[in-house]
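Before any comments, here is the structure.
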There are 2 protein chains.
Amino acid sequence: MREKTARIIHEWADSCDTEVSIAVLGGAWKPSILMLLDEHGVLRFGELGRLLQDPTARVLTRQLRELEDDGLVIRTVYPQVPPKVEYRLSELGASATPVLAELTRWGTLYSTRQRAAAAEDAEAAATM
Amino acid sequence: MREKTARIIHEWADSCDTEVSIAVLGGAWKPSILMLLDEHGVLRFGELGRLLQDPTARVLTRQLRELEDDGLVIRTVYPQVPPKVEYRLSELGASATPVLAELTRWGTLYSTRQRAAAAEDAEAAATM
DNA sequence: CCGGATCCCAGGGGATACTG
DNA sequence: CAGTATCCCCTGGGATCCGG
């Protein structure tokens with residue numbers, strides 16, 4: 001299970017590295033997680049959950065584990081009761097920041113254009 | 001069905017535009033399609049299929065339709081027999097090129113690091 | 001506090017067969 | 001040639017309940 005992305009890579013890495021990026025970064029909460037860790041430096045599991053507006057614990061755990069397995073995030077467990085677990089970006093994880101920034105930039109551009117187009121449509125419909 | 005992405009946008013655009021980009025660009029064949037159209041300018045349905053190493057016609061059709069609905073691709077039908085359909089990038093579609101380039105760049109970086117890590121592991125195992 | 005175990009569901013991708 | 005129609009399957013996200 002640890003080798004999921006690794007297997008993907010082995011199969012068709014050189015053919016399309018774009019898919020690799022999407023496979024690694026494309027989880028439902030992964031971009032947000034990476035951006036939050038980039039912004040805050042270190043965050044505990046619970047803090048992440050609250051900042052993300054409470055995804056299911058199971059889901060958040062999985063996203064974080066996958067990011068850890070893929071080497072983007074470093075998980076530190078403090079052996080104490082109650083438990084305390086901290087997450088922070090690895091160097092590789094930090095290297096993904098420009099990609100996320102680019103995705104955000106284009107996403108904003110796209111949304112703007114779509115809203116503009118929708119407004120035009122509405123106007124055209126009103127003028128008819 | 002046409003408004004799928006549009007609805008997504010309306011719901012949580014401003015919160016995370018990154019997700020929008022992934023929703024629009026994240027299809028199984030979409031990055032490759034966009035890059036091929038960027039490179040070749042104009043391509044017919046069949047040409048695209050061959051260059052992509054034959055995805056199912058149904059799948060390719062859906063990917064192209066979604067890209068068209070999202071305004072990234074322009075579809076031109078020539079009313080003749082046998083049919084001829086051409087695809088090319090819209091301005092918006094062309095604007096996605098840097099994003100794809102960035103994804104490819106980081107995907108390559110990631111793959112390289114992973115391979116290096118795997119090699120280290122193998123070496124460590126051999127030395128044990 | 002930080003999860004693991006179990007169950008469920010939607011939908012995206014694919015195979016196959018057919019058509020204007 | 002460029003699709004459409006049907007069917008299947010698997011994955012990823014989520015809800016709920018339980019545990020150290």
Side-chain angles (χ1 to χ4, degrees), chain A residues 1-8 11-12 16 19 22-33 37 42-70 73-88, chain B residues 1-5 7-8 11-12 16 18-19 22-33 37 42-70 73-88:
Chain A
M1 204 55 65
R2 294 220 144 211
E3 326 178 11
K4 188 182 167 191
T5 333
R7 257 186 289 120
I8 293 176
E11 285 175 52
W12 35 301
C16 38
E19 315 284 349
I22 294 182
V24 176
L25 305 174
W29 305 91
K30 288 180 187 176
S32 306
I33 291 173
L37 289 180
V42 177
L43 285 173
R44 298 184 54 173
F45 182 85
E47 292 175 324
L48 267 170
R50 258 161 285 149
L51 290 170
L52 296 170
Q53 299 166 46
D54 294 305
T56 308
R58 178 199 182 268
V59 173
L60 180 54
T61 303
R62 279 218 316 151
Q63 301 282 309
L64 286 168
R65 285 292 193 289
E66 290 173 15
L67 288 174
E68 189 194 0
D69 292 346
D70 289 342
V73 156
I74 297 173
R75 178 168 175 263
T76 314
V77 184
Y78 295 86
Q80 61 186 44
V81 179
K84 174 180 172 183
V85 181
E86 284 182 351
Y87 295 89
R88 60 195 172 85
Chain B
M1 203 57 64
R2 294 220 144 210
E3 326 178 12
K4 185 181 168 190
T5 333
R7 258 188 288 121
I8 292 178
E11 287 176 51
W12 35 299
C16 37
T18 306
E19 316 284 348
I22 295 181
V24 176
L25 306 174
W29 304 91
K30 288 180 187 176
S32 306
I33 290 172
L37 288 181
V42 176
L43 285 172
R44 299 184 55 173
F45 182 85
E47 292 175 324
L48 268 170
R50 259 160 284 146
L51 290 170
L52 295 169
Q53 299 165 48
D54 295 304
T56 309
R58 178 197 183 267
V59 173
L60 180 55
T61 303
R62 280 220 314 151
Q63 300 282 311
L64 286 168
R65 285 292 193 289
E66 290 173 14
L67 287 173
E68 188 195 3
D69 293 345
D70 291 341
V73 156
I74 297 172
R75 177 167 176 265
T76 313
V77 183
Y78 295 87
Q80 59 186 44
V81 178
K84 173 180 172 182
V85 181
E86 284 181 349
Y87 295 89
R88 59 195 173 87

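In the text below, chain A, chain B and the rest are named by the order of the sequence lines, each starting its count at 1.
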Find the distance B:Gln53:CD to C:dG13:C1' and express it as a whole number of Å.
17 Å
Taking OP1 and OP2 of D:dT16, is either one under 4.0 Å from a side-chain nitrogen or oxygen of A:Arg58?
no
Within this structure, what is the NZ-to-C1' distance between B:Lys30 and C:dG12, rounded to whole angstrom?
10 Å
It should be established whether B:Thr61 places a side-chain nitrogen or oxygen under 4.0 Å from OP1 or OP2 of nucleotide D:dG3.
no
Take atom CG of A:Leu67 and atom P of D:dG12, then tell me their distance rounded to the nearest Å.
13 Å
Do any side-chain nitrogens or oxygens of A:Arg50 fall under 4.0 Å of OP1 or OP2 in C:dC1?
no
Spacing between B:Leu64 atom CG and D:dG3 atom P, to the nearest angstrom
8 Å
Of the nucleotides D:dG3, C:dG13, C:dC2, which has the atom closest to the B:Ala57 side chain?
D:dG3
Out of curiosity, A:Leu37 CG to A:Leu64 CG, how far, rounded to the nearest 0.5 Å?
7.5 Å
Round to the nearest Å and state the distance from B:Leu60 atom CG to D:dC1 atom C1'.
13 Å
Which nucleotide in C:dG3, D:dA2, D:dG3 has an atom nearest any side-chain atom of B:Tyr87:
D:dG3
For the residue pair A:Arg65 and A:Arg62, establish whether any side-chain heavy-atom pair is separated by less than 4.5 Å.
no
Are any of A:Gln63's side-chain N or O atoms less than 4.0 Å away from OP1 or OP2 of D:dG13?
yes
Could you tell me whether the side chain of A:Tyr87 reaches within less than 4.5 Å of the side chain of A:Ile33, counting heavy atoms only?
no
Closest to the B:Val59 side chain, choosing from D:dC1, C:dC2, C:dG13:
C:dG13
Length of the CD1-C1' vector between B:Ile22 and C:dG12, whole Å
16 Å
With the side chain of A:Thr56 defined as its heavy atoms from C-beta on, choose the nearest nucleotide among D:dG14, C:dG13, D:dG3.
D:dG14
Does the side chain of A:Lys30 come within less than 4.5 Å of A:Leu67's, by heavy atoms?
yes
To the nearest 0.5 Å, how far apart are CZ in A:Arg75 and CG in A:Asp69?
10.0 Å
Does a side-chain N or O from A:Arg62 land closer than 4.0 Å to OP1 or OP2 of D:dG13, or not?
yes
Looking across every strand, which nucleic acid part, if any, lies under 4.0 Å from A:Gly27 by heavy atom: base, sugar-phosphate, or nothing?
sugar-phosphate
Just how far, in rounded Å, is C1' of C:dC1 from CD of A:Gln80?
10 Å
Taking atom P of D:dG12 as reference, at what distance in whole Å does atom CG of A:Asp69 sit?
13 Å
Starting from the 5' end of DNA chain D, give me the residue, A:Asp54 or B:Gly46, whose nearest nucleotide shows up first.
B:Gly46
Can you find a side chain N or O atom of A:Arg75 that sits less than 4.0 Å from OP1 or OP2 on C:dC2?
no
